Amino acid sequence: MARRNKIYEGKAKILYEGPEPGTIVQYFKDDATAFNAQKKDVIEGKGVLNNRLSEFFMTGLNQIGVPTHFIRRLNMREQLVRACEIIPLEIIVRNFAAGSMSKRLGIEEGTQLPRPIVEYCFKNDELGDPLVTEEHIAAFGWASQQDMDDILSLALRVNDYMSGLMYGVGIKLIDFKIEIGRVYENDYPRLIVADEISPDSCRLWDIETGQKLDKDVFRRDLGSLTDAYSEVARRLGVIPKTSNVVKPTLIN
């Protein structure tokens, strides 16, 4: 196997040059991190599950007209995606109070919010991805006002899709974060959903029991992370209900 050119390695993924111009191969690692990588571990099979789940969510969004960078899954750990210019923001949509919002505002976890609240964080690991306002975004030129209007629209459309999808399988979508990329079509810029959508980037609670089915299982030492992610995948029909996660090690 010819060695590929690595473009970037993050906490949960590696990006390689794609086989065609304008494409990237996104490889999902088994690494788990929390608290800005202060807590780390390798969870066998996590990358396989996140690859399959992100494929499922991105395909669904593409089908309802929400543009994403996803092209196709290549194998158990890799997918082919469209290269894009990532806007340096994490877009967080909250339906219920949890995590940092509960700490900041003193709201009990699980409290339903009056409406979905969209927050923005500046993507910078060294600074801990600080919360920023639209004033910061405009002042520092991270995105234009038109970009912000489009980002808000995309975020709320993703929220509608994900909330309904999860509710249908007995899961409450507490919050999630996405990244947005910019592509050019005939020199005209267009924003698309990029990175991934998986239990790594969402808070998912069982509607009946409140059981956490997301990365909080790892953050708070609540049990097996792969069991939690497998439960989400089984409910959505991404893997068979009796399936064990295949855990291959691919040669890079």
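Everything numeric here is computed off the predicted structure, so don't read it as measured data.
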Presence of salt bridge, [Y] and [X], under 4.0 angstrom:
X    : Y    : answer
R157 : D160 : no
E109 : R203 : no
K13  : E179 : no

L53 side, atom CG; I239 side, atom CD1 - distance, nearest 0.5 Å: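 These two atoms lie 8.0 Å from each other.
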
Full working for side chain to side chain contact (heavy atoms under 4.5 Å, CB included) between I87 and L191: CA-CA 9 Å; I87 292 174; L191 299 187; 3.8 Å; yes

Derivation of the side chain to side chain donor-acceptor pair (under 3.5 Å) call for Q211 and D206: CA-CA 5 Å; Q211 178 188 1; D206 181 87; over 6 Å; no

Beyond-backbone contact of V193 with F57, side-chain heavy atoms, under 4.5 angstrom: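 Of all side-chain heavy-atom pairs linking F57 with V193, none is under 4.5 Å.
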
Contact check, side chains of V158 and F176, non-hydrogen atoms, under 4.5 Å: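 Yes; the side chains approach each other to less than 4.5 Å.
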
Donor-acceptor under 3.5 Å (K29 side chain, E9 main chain):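 Judged by distance alone, no pair lies under 3.5 Å.
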
Residues Q145, D149; criterion side chain to side chain donor-acceptor pair (under 3.5 Å); working and verdict: CA-CA 6 Å; Q145 186 56 57; D149 292 344; 3.1 Å; yes

Passing option when M101 is tested against D175, L131, I117, T111 for side chain to side chain contact (heavy atoms under 4.5 Å, CB included):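 With M101 as partner, side chain to side chain contact (heavy atoms under 4.5 Å, CB included) holds for just one option, I117.
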
Aromatic ring pairing W142/F122, orientation class (parallel under 30°, perpendicular over 60°, tilted between):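 Taking F122 first and then W142, their aromatic rings lie parallel (interplane angle under 30°).
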
Lys NZ or Arg CZ of K46 over Y229 ring: under 6.0 Å, within 45°: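 Because its charged atom misses either the 6.0 Å distance or the 45° angle limit, K46 does not stack over Y229.
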
Residues forming a side chain to side chain donor-acceptor pair (under 3.5 Å) with D150, sequence neighbours excluded: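 D150: side chain to side chain donor-acceptor pair (under 3.5 Å) contacts with Q146.
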
